[in-house]
Structures are given as C-alpha cells and as structure tokens.
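Quantities reported herein were computed from a predicted structural model and do not represent experimental measurements.
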Amino acid sequence: MASNFAFLKQHQQFTSFAHACDEAEKSIAISPSTTAILARRALELAVKWLYASDSALKVPYQDNLSSLIHERSFLDLIDQSLFVPIKFIVKLGNLAVHSPAPIKRTEAVLSLHNLHQFTSWISYCYGSTYSDQPFDETLLPTGAEQKISQSDLVKLQQSLSEKDGKLKDAVEENEALRKELHALRAENIKARVYAAPQISEYSTRKKYIDIDLKDAGWTFGSDCIEEVEVSGMPFGTGQGFVDYVLWGDNGRPLAVVEAKRTSKDPLVGQQQAKLYADCLQQKYGQRPVIFYTNGFATHLWDDLQYPPRRTSGFYSKDELQLLVDRRLHKTSLKNAQINGTITNRYYQKEAIRATCESYEGKARKALLVMATGSGKTRTVISLVDILSRHNWVKNVLFLADRTALVRQAKGNFNALMPNLSLCNLLDTHDDPDSRIVFSTYPTMMNAIDETKTDSGRKLFTVGHFDLIIIDESHRSIYKKYKAIFDYFDSLLIGLTATPKDDIDKNTYHIFGLENNVPTYAYELKQAVDDHFLVPYRSVETQLKFMEQGIRYDELTEEEKEQYEETFDDDMPEYIGSEALNQWLFNDDTIDKVLLQLMEKG
C-alpha cells in the first residue's frame, strides 16, 4: 500500500524511525487517538536520530522529547517553520493520553502531515537524494474507527519508550558519523531547496488554535464556544461573530479569541477583538480578556491592566478567572508595609520598594543586583509576602541552577512564610500544586509537559505562575533555558551579584532594562562601607602542573601508567598549562586547591 513515508525507506540511515512513521499512518484507519500517540513516538525517534547523527546538536541534561526539542542547538539547527508543527505533534500525543476528549481524525491527519514535513526536512538535509513530495491525504487508510479506552492509551504510551537506550551512549558511539553527516547537511543545504508549507486560515483556526485551547484545559461546546454572535459593533449591521469565547463557571465571558491566517500578523486582529470585548462587556457587565492569534503567535491583552504582550498559548479557566478577579481585589503597592521580621536592613527595604514601584508602573520584569551575602533571598521572600497580601500573586516559581540552592531557598521560605504550601520539584513526595514551587532549570523544563493534576490535566499551563524568581540570574537563562521564560506568562524578578552586559549574554536585556541600570543595586563596596560585609583577600598559590604543564617523561612510572590509560592511542607528550585550565581535570591539582581553600579560606 502506498504511503506518504515511503521516501524514508530509500535511505538506510532512516530505518530507526521510518517504520514508526508507517505505523502511525496505518493506525488512522482504526483510531485517531492511537495515531496521535504513534506520531509523537515517531517524532521522538526522528529527533533522537538527529541528535545521534549530527555533531551540531548537544544532548540536554534530560533526553525526554520536550527537553530535546527546546534545546537551543536543536532550535538553531531546524528550519524555523518546523517548531510549531513539531509542538502540535507533541501536544496532540499528550492530549490523546491524558485528556478524556477523543482526538478527531482531522487533528490526527494534521499530526501525520506535520510528521511528514519534519521527516522530509531530515531527508532534505541528510538524504543521499531528495525530492519535494507533498503530503497526500488520499493515501491515508480509512476504516471503522474503534474506541480505545483511556487506560489502553496510557499503556500504549508507556510501552513505546520502555526499550529506549540512553541517547548519550548513541551519541558517543556515532561520533565519527555525526561529523560526516554534519558536513553532509551543509553541502545539501547549499545544493537543494526546501519549501516551508503554507497553512490556510481554516486549518490554522480549527487545528493549531483548537489544540492550544484544549491543551489549556478548555472543553469545546461547554466552556469554549465558537462563532459567538454579538451585537453593537460600530459598523455594518452591528452584528459580529467572535471566533471563540471562553466562559467562566458563572456564565460570564472570561476571554475572546480572534483568529487570523498564519500569513497575517495577529496584530491585525487586535482592534476587532477589542470591539468584540466591548460588545460582550456591554451585555454581561464583565470585560473579557483579549487574545488574538494566527496559530503560530498568540497575544494577550488585559486592557484594564497591561499593554498587549506575546504569550506561548492560552490561560486555563482558573487562571483567567483569577486574572479577572484581580481587577477588583488587587490593591496598590504604594506605601506597602514591609514585614520587619523578614527584612529589616535599609537597602533590602529600598530594593523591595523599587521593585514594587516598577511593578506598579506596569513593568513585568525587575532585576536586583545585590552583593553575595547581603540577603537577596530574604529580600525576595519579603517581596512575595507583600505581593501575596496585596493580591498580586498566588503561585510562585523559584528557579536556581543547583539542587543545594533549591533546598536552601525552600528552607528559608518555610522558616519566614510558614503558612504557604511549598514544593521542591526534585522531591517526588512534594505536591507540585503548591503555592510556591522550587526547582532547577532542567527539572522545570521536564515538568512543564509531564506534570499533571489529579484529574489528568496539564498542571503547569501558561498562566500557572504569577511570579518567577530567578536566583543568580547570570547563569543558564540566555539560551539554554530561555524556553521556560518564553513559556510562562508571569512577573519576573532576577537576583544576581554579577550581572552580564555581553552582547550575546546580557542580563539587563533579559529583564527589559538598559545596560548597567538594574531595578535596584546594592554592591559589594557599599556593603563593606556599611559594615554588613567584609572585603575579601585573595591567596595566590603556585602549583607545578598549573604553572609548567605536564611532561610525560617527567612522571613517575605509576603516573605514566595512569596517563597512558587516560589518553589511549592519542597520547600527547606534553600538555601546556593553558590546556590544563581549558579541558583537563587533574584530581591531585583539584585536591590541592581545595586544601588551600579549607586551610586559608
């Protein structure tokens, strides 16, 4: 039987995922939900093949599908038009497993279409031959669809990845091949033409946007209604039709969604969506939040609170209800009372007031530059206390780059704000649906797609957190884990003692600030002058290897044996001191440095 994925079988190197693509396509005759799961699995295998085959890709800390497709080297490698189609495959596969709503055939078809698009791009880059073959929907098999139970779908999802080996092992085994295919991709791109697909308005509105709404927990025909008629438009007959209206449990509109063609800038729909919101407010006495989207880019506009901003998707019902309720319950941060038992130093209070003033002025990001040891964590705990009491925030995410910092921060919050529920995501016994969640960056990346509520819905939706605290924000936030901040729509506050102003790693730009102009700064010199900190003294120590390098013929016999085992056949006779600092870890040198630190530090 003819298949849309037959072209993959012409290339032996694609064997690891070609069969999975075929199986996904065949399954649509029986169950679209099964197709969604199998297409996601085929995508996962194709992505892992890519990592194992191209030296430009770096395996992230966790090798689950979500982490792999958000890795910066992957995003830099693929054609930009592919990311949203890839995300669709992932979201639909997740919904098939975790949502009770059945997957439609049209949705499963688009998932296969997107899988075809991605694997065609792989063939374009790495195939010995390539021809642009459009996806042919007439080739898809048809049959009597069967109802597959939710438990069986869950078992299917679990069984698919049980036999997977470690991706890092595959990468190490294929190191030579990775360099070859990396070079081949560069040659093929020069000699071939890849055509990114064009998507119609209907397909965009009915599939991409629909899936984003379902992913946020909305149920079509219940709290999400399409083509809602409104009256009072200022032109024509005065009638209009809202693409989507999202409703609260009280029967009032929480949001309008205006959909535009993918080829159009979603800003075109901004004014039209505002007029729809005017009509609904006139009828129901509640102004809905405004979304306008082309399926690829989504904007949120709560025009009673903030200017429009881009988001990665839609809020859930509870999150939208909270957003609407805050219009009445949120109180001004001007002259907010600072809890002296949490923070009592003058500069901590100045930092809190500066941040409150920034948020009050409708800024959504703040950066505190404070010397190590000056009490950054206490300062931000006090800020959370104020924002909670004034109904600005409910759920908070605290991110740090080391597990020890995560544990330490949770302990400090627990001691100073004992009435709030806390969760360390690294601790499987903690409840992730707590008021304050503490996590490292890679754990949070994994949790976005994997963590579910008791009812099986996605927990960490776009608007789940009202505030994200980034501890030591000079690390990891520029490229590697920027996806976290692109995903969540929240207030941000960064804490650091050493901000960067490099072109490609600029702390200030992350927080929408001018170079060297943080929201508030309290630096080491001032802390020393105030007698809150003492100046440091450096201790210089000379070590032979670090000064002179390593010469093989000067080592002891025992050291020579260890040296030979370390380098195998590619053994250098001499390693310079610069190389030691760059790539060689020497246990004895490290021990000496640590000993110096413990004795003189």
Side-chain angles (χ1 to χ4, degrees), residues 84 88 101 104-107 110 198-311 313-317 319-328 462-463 489:
V84 172
F88 180 92
K104 298 177 183 177
R105 179 182 170 91
T106 55
E107 294 169 339
L110 181 56
Q198 298 297 315
I199 302 173
S200 69
E201 180 174 8
Y202 174 80
S203 176
T204 301
R205 182 169 58 87
K206 293 304 298 170
K207 297 188 180 72
Y208 282 90
I209 300 173
D210 284 9
I211 289 301
D212 277 346
L213 287 166
K214 291 177 182 178
D215 194 44
W218 295 96
T219 303
F220 282 72
S222 176
D223 50 21
C224 175
I225 305 298
E226 302 170 78
E227 298 297 327
V228 175
E229 185 175 3
V230 294
S231 58
M233 297 289 283
F235 46 76
T237 63
Q239 303 300 111
F241 290 88
V242 190
D243 288 325
Y244 306 80
V245 176
L246 309 179
W247 300 90
D249 291 334
N250 59 4
R252 292 183 175 183
L254 290 173
V256 298
V257 180
E258 174 66 10
K260 289 298 177 185
R261 283 196 303 272
T262 306
S263 58
K264 281 191 176 182
D265 189 323
L267 296 177
V268 174
Q270 178 179 333
Q271 180 60 23
Q272 189 171 359
K274 180 182 182 300
L275 294 175
Y276 290 148
D278 292 342
C279 296
L280 288 168
Q281 181 182 10
Q282 183 67 29
K283 181 175 180 180
Y284 292 95
Q286 176 171 287
R287 184 159 190 80
V289 175
I290 297 166
F291 289 97
Y292 44 98
T293 178
N294 63 6
F296 279 27
T298 300
H299 291 76
L300 180 155
W301 187 17
D302 183 6
D303 58 353
L304 298 180
Q305 299 286 326
Y306 289 101
R309 60 185 183 269
R310 184 164 175 174
T311 65
F314 300 102
Y315 277 40
S316 70
K317 183 191 291 187
E319 292 158 4
L320 273 181
Q321 188 66 61
L322 189 58
L323 210 61
V324 170
D325 291 345
R326 280 201 180 114
R327 294 169 181 169
L328 296 174
V462 172
D489 180 56

request  = Tell me, please, which residues at least two apart from Arg309 pass salt bridge (charged side-chain N to carboxylate O under 4.0 Å, His left out).
outcome  = Asp489
task = With the side chain counted from C-beta on, respond yes when Phe291 and Ile209 share a heavy-atom pair under 4.5 Å apart, and no when they do not.
result = no
Set of ring-ring contact (aromatic ring centres under 6.0 Å, His included) partners for Trp247, sequence neighbours left out = Tyr284
message = For Thr311, give me all partners under side chain to side chain donor-acceptor pair (under 3.5 Å), at least two apart in sequence or on another chain.
response = none
Those residues that, when tested against Leu322, pass side chain to side chain contact (heavy atoms under 4.5 Å, CB included) (two or more places apart) = Arg326, Lys394, Asp466
query = Does Arg105 have any side chain to side chain contact (heavy atoms under 4.5 Å, CB included) partners at least two apart in sequence or in another chain, and if so, which?
reply = Ile28, Pro32, Val109, Leu140, Thr142, Glu145
ask   = Is it the case that Tyr208 and Asn294 place a side-chain donor and acceptor less than 3.5 Å from each other?
value = no
note = Rounding to 0.5 Å, atoms CD (Gln271) and CD1 (Ile290) come to a distance of 9.0 Å
query = Which residues satisfy the side chain to side chain contact (heavy atoms under 4.5 Å, CB included) test with Thr106, sequence neighbours excluded?
reply = Lys104, Lys207
request  = Please name the pair of heavy atoms, one in Cys279 and one in Gly232, separated by the smallest distance, quoted to 0.1 Å.
outcome  = SG-C, 3.7 Å
task = Output all residues satisfying salt bridge (charged side-chain N to carboxylate O under 4.0 Å, His left out) with Lys283, sequence neighbours left out; order by chain, then residue number.
result = none
inquiry  = For a 4.5 angstrom cut-off between non-hydrogen side-chain atoms, does Gln321 reach Leu254?
reply    = yes
task = Could you check if a side-chain atom of Leu246 sits within less than 4.5 angstrom of a side-chain atom of Tyr315, using non-hydrogen atoms only?
result = no
query = Could you state the interatomic distance from OG1 (Thr293) to NE2 (His299), rounded to the nearest 0.5 Å?
reply = 9.0 Å
task = Write down the atom of Pro308, the atom of Gln270, and the distance for their closest heavy-atom approach.
result = CG-NE2, 3.9 Å
request  = Answer yes or no: is there a side-chain heavy-atom contact under 4.5 Å between Phe220 and Leu213?
outcome  = yes
key: Close side-chain approach of Lys274 and Val256, heavy atoms under 4.5 Å   = no
request  = Can you measure from CG (Asp212) to CZ (Phe314) and round to the nearest 0.5 angstrom?
outcome  = 6.0 Å
Contacts of type side chain to side chain donor-acceptor pair (under 3.5 Å), residue Arg327, not counting sequence neighbours = Asp302
key: Which atom of Pro253 lies closest to which atom of Leu280, heavy atoms considered   = CG-CB, 4.1 Å
message = Between Asp243 and Glu227, is there a side-chain heavy-atom distance shorter than 4.5 Å?
response = yes
remark   = With sequence neighbours left out, the residues meeting salt bridge (charged side-chain N to carboxylate O under 4.0 Å, His left out) with Lys214 are Glu107
message = Among residues at least two apart in sequence or on other chains, which ones pass side chain to side chain donor-acceptor pair (under 3.5 Å) with Asn250?
response = none
ask   = Is the CD atom of Gln282 crowded by more than 12 outside heavy atoms at less than 6.0 Å?
value = no
query = Taking only residues two or more places apart in sequence or in another chain, which ones pass ring-ring contact (aromatic ring centres under 6.0 Å, His included) with Tyr276?
reply = none
task = Please round to the nearest 0.5 Å and tell me the distance separating atom OH of Tyr244 and atom CD of Glu226.
result = 5.5 Å
ask   = Got a sec, which residues hit side chain to side chain donor-acceptor pair (under 3.5 Å) with Gln281, two or more places apart in sequence or on another chain?
value = Arg287
query = Is the backbone of Ile211 close enough, under 3.5 Å, to the side chain of Asp215 for a donor and an acceptor to pair up by distance?
reply = no
